[in-house]
Every structure is written in structure tokens, then in C-alpha cells.
Amino acid sequence: MVLVEPKDDFVHNVAALRALVDPSWLERIYLPYTGLLGHGRVIRDRAVKADADRVVLASGAELFPDYLVLATGSGYPFPAKSNVPRTQAAHAMVRGTHTALAAADRVLLLGAGPVGIELAGEIKAVWPGKQVTLVDVVGDVLGERYRQDLKAELRRQLTGLGVELLLGSALRDEPPTAAGELGTFGVTTQAGAEVTADIWFRCYGVAPVSDYLAGGLAAARRGDGFVEVTPELLVAGQDRVFALGDVSAADQNKGAGAAGRQAPVVAGNIRALIIGAGELTRYQPPPTAIIVPVGPDGGAGQRPDNADLVPAEVVAQLKGRDMMVQRFSELLGMSTTARN
Ligand SMILES: Cc1cc2nc3c(=O)[nH]c(=O)nc-3n(C[C@H](O)[C@H](O)[C@H](O)COP(=O)(O)OP(=O)(O)OC[C@H]3O[C@@H](n4cnc5c(N)ncnc54)[C@H](O)[C@@H]3O)c2cc1C
């Protein structure tokens, strides 16, 4: 068993926005791989070309796996994610942006999806006096997929914190400064609203990481970059290559939760293929569910089995307070106390 990963540490992106407003979280969300694999090894490298039989790494090394799992996830604009492989450099980038954000009186967030909402809540929790403006081309928060009452509740909480919502209108032009850099600028929405801010962040733009796929695997790469899979999570047209998580088209609901439900299906199916045990297990995408924190104590969510919204207190328990750090630390074979 070989895990190829270019980063020094596992990056628990779920808590990345908390670490931006409070960099003391950084130590808790970069988790070493040392305790992960009882039987296997981690190679610090990057796959630059993969077909069904052979994986070429950036170092020039080649791997010839019997079974291959594509789990290269997705990219997203900083600060939600970064592709800085060295932990020290990634920490420095977050600390530098924290300093810039701390000095800004007015913050513009482009994109009112889960990341934009969560970042607005995090900023207001630490700096209640900062002006925060959330702009989205779509006419409501959270896009198209979620319940109206959930959107209304999140709008209520955000406006209650003083976050200004400018929805249903794109900016005429992008801000002239780079995202995350301190520098006062003015922008105008298509609808004519003017915003002056000192810093801005891009809160949209998930991009599946699948550009290294070649040969038969490239054929399964959709136009939008997601990898087509069968219900058994085999890459379309393949019998020994699987894909899961953000890079896979298996589930419209991307998330650590979905990836975590797909992982045992893939592991079980590889085991079944090795021992020649009958039918493979199919992955059943669950109905839409989401929780969106608004700061450590706020937020709301929806679950398929409940007509009521997930209340703020439950969102805080599930995510907002601990940001799922304990759960992922245990998954990586360590406890948070051992690290701190
Ligand atoms: C701010 C934020 C908050 C979130 N909150 C939640 C939440 O509350 N609940 C939830 O369920 N989900 C949440 N998510 C989504 C969740 O983080 C992702 O869905 C999850 O991380 C997907 O896991 P993955 O392993 O598929 O991909 P990733 O986490 O993207 O991991 C992919 C890994 O592959 C590595 N890699 C990339 N390219 C290569 C290559 N060529 N060769 C080798 N390795 C490579 C990367 O370095 C990375 O370590 C959140 C995401 C963000 C950004």
C-alpha cells in the first residue's frame, strides 16, 4: 500500500477559515501522516501522469500498482485551500494573510456559498466591528441546491451580525488588488451598488484535480474535470482503477463526509477483487444534507430526515467549536493532545 502525497502533512481544510482568523489553530490542522498507515508507506511526491497500469511521479519515479485509487481532490482559492506543499511555507502564508486581514477595516467576500458564509461568520466572530460585504451573482446565499428556509436562516444570522449582503448582481470589474492583499479599492456591482474595501477574498471556484490523467483514464475525465465512475466507484471503463472524494463524479454533494462514506466502499471492493469474492458494493449517494457554521456558535443546516433546520447549537457541536479536528486527528492515528 503506497500513498503518494506532495504535502508534508495532511491538511484539514474543513478548519482552514478558522485558522485564518486565529492562526493558533494551524498546529492542529496540519496533521502528520506518520500514524496513518500500519501497513504501507507515504511517498512525498506528486503524480504527473497516470494511466491504468503506470503512475509517473514528479521526481521521475514510476509506480506499477495492481489497484489504483484516484483521490486527488480539488483545488480552491486561498484561504480555503492552498497548494503550497511545505507546511512551514503554508503556515507563513496563512499568518501573513491574517496580519493583512487584521489590519483591514472593510472586507469584501466574492461568493455567498458555504465558504463565503463561513468566512463572513469567522471574521465577525473575531472582529465584530469590521465591515464585511458578501457579493454573489446568484440572488440568494448557498446557490440553488438547498432549502429556502435554510437560506433565510443563514441570511438572518449574517445580517444580524452586520454582514452586508449584495446578492443577484456580479461586480462590473474584479478588484484591482490581488486577493488576500491589503490595499483600499472601490468596486461597483452591475446593479450599481458601490463597495469600498481594504481586502478581498475569492470564495468560489472548486476545480477537480484530474489533469494528470492519461490514456484510458483521461477518457473518463468529464469536460468539467470530474472523473466519471460506476456505482462501484470504478473509473468508467476500468476494472482496477477507482476514484473517490472531490475528484469523483460519484456524488453531487462533495465533502469530507461523502469522501468518508466512499472510502470503505473502495477499500471493500479492492479486497473483494483481490480475493475474487462475488459482487462489488455499490455506493448510494445520500440525499442532500449540509451544515454551515456562522462563527463558533452560530450557523444552521438541513438534514433529509428532518423537516426542522439543524439549529445553531447542533451546528456548533458538529463543526463550529472543534471544526472536526478531533475526528480527523483520530483518523490520522493521533490525538490532538499529543500534537499540542
Ligand atoms: C473551507 C472548507 C470547509 C469545508 N467544510 C466541510 C464540512 O464542514 N464538511 C464536509 O463534509 N466537507 C467540508 N469541506 C470539503 C472537504 O474538505 C472536501 O470535500 C474533502 O477534503 C475532499 O477530500 P478529498 O480527499 O477528495 O480531496 P482533498 O481534500 O482535496 O485532498 C486531495 C489530496 O490529494 C493531493 N494531491 C493533489 N494532486 C495530487 C497529485 N497529482 N498527486 C498526488 N497527490 C495529489 C493533495 O495535496 C491533497 O492532499 C470543506 C472544504 C473547505 C475548503
Side-chain angles (χ1 to χ4, degrees), residues 2-21 25 29-31 33 36 42-50 55-59 61 63 68-87 90 94 111 113-122 201-214 217 225-227 233 242-263 266 286 288-293 299 301 310 315-316 318-320 322-325 327-328 331-332:
V2 171
L3 176 66
V4 177
E5 168 60 56
K7 291 187 173 160
D8 289 341
D9 292 310
F10 172 81
V11 185
H12 179 49
N13 291 302
V14 168
L17 306 177
R18 178 66 50 82
L20 175 68
V21 299
W25 280 71
I29 70 166
Y30 284 70
L31 303 169
Y33 284 106
L36 179 65
V42 179
I43 298 181
R44 292 247 148 60
D45 212 327
R46 178 185 295 277
V48 291
K49 188 176 176 196
V55 179
V56 182
L57 306 182
S59 63
L63 301 171
L68 175 61
V69 180
L70 310 177
T72 42
S74 61
Y76 197 95
F78 181 78
K81 285 190 172 184
S82 87
N83 52 20
V84 177
R86 299 283 83 90
T87 293
V94 175
V115 170
I117 296 169
E118 189 174 319
L119 183 51
E122 293 295 328
F201 294 101
R202 195 185 304 278
C203 302
Y204 63 87
V206 176
V209 179
S210 58
D211 54 349
Y212 61 95
L213 298 179
L217 300 188
F226 291 101
V227 176
L233 303 182
F242 293 83
L244 82 167
D246 279 12
V247 76
S248 153
D251 196 330
Q252 216 198 341
N253 292 304
K254 307 290 177 217
R261 280 186 290 276
Q262 291 162 21
V266 169
T288 301
I290 190 169
I291 53 166
V292 186
V310 181
V315 174
L318 292 173
K319 180 169 178 186
D322 150 83
M323 302 304 280
M324 306 180 185
V325 165
R327 193 192 317 169
F328 277 81
L331 195 65
L332 270 284

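Side chains included, hydrogens not; waters and symmetry mates left out as well; all remaining heavy atoms used. Counting starts at 1 for both ligands and their atoms, in listed order.
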- Message: Please verify the inter-ring angle class for Tyr33 with Phe10; under 30° counts as parallel, over 60° as perpendicular, anything in between as tilted.
- Response: perpendicular

By salt bridge (Lys or Arg N to Asp or Glu O under 4.0 Å), Asp246 pairs with (sequence neighbours left out) Lys81

Are any side-chain N or O atoms of Glu118 and backbone N or O atoms of Pro293, one a donor and one an acceptor, separated by less than 3.5 Å?
no

Sorted by chain and residue number, the residues with a non-hydrogen atom under 4.0 Å of ligand 1 are Val4, Glu5, Pro6, Lys7, Asn13, Val14, Leu17, Arg46, Ala47, Ala71, Thr72, Gly73, Ser74, Ala80, Lys81, Val209, Gly245, Asp246, Gly255, Ala256, Gly257, Lys319, Met324

Residues passing the salt bridge (Lys or Arg N to Asp or Glu O under 4.0 Å) test with Asp8, sequence neighbours excluded, are Arg86

By side chain to side chain contact (heavy atoms under 4.5 Å, CB included), Ile290 pairs with (sequence neighbours left out) Pro114, Leu142, Tyr146, Leu150, Val292, Gln302

Taking every heavy atom of Val69 against every heavy atom of Val266, the minimum-distance pair comes out as CG2-CG1, 3.9 Å

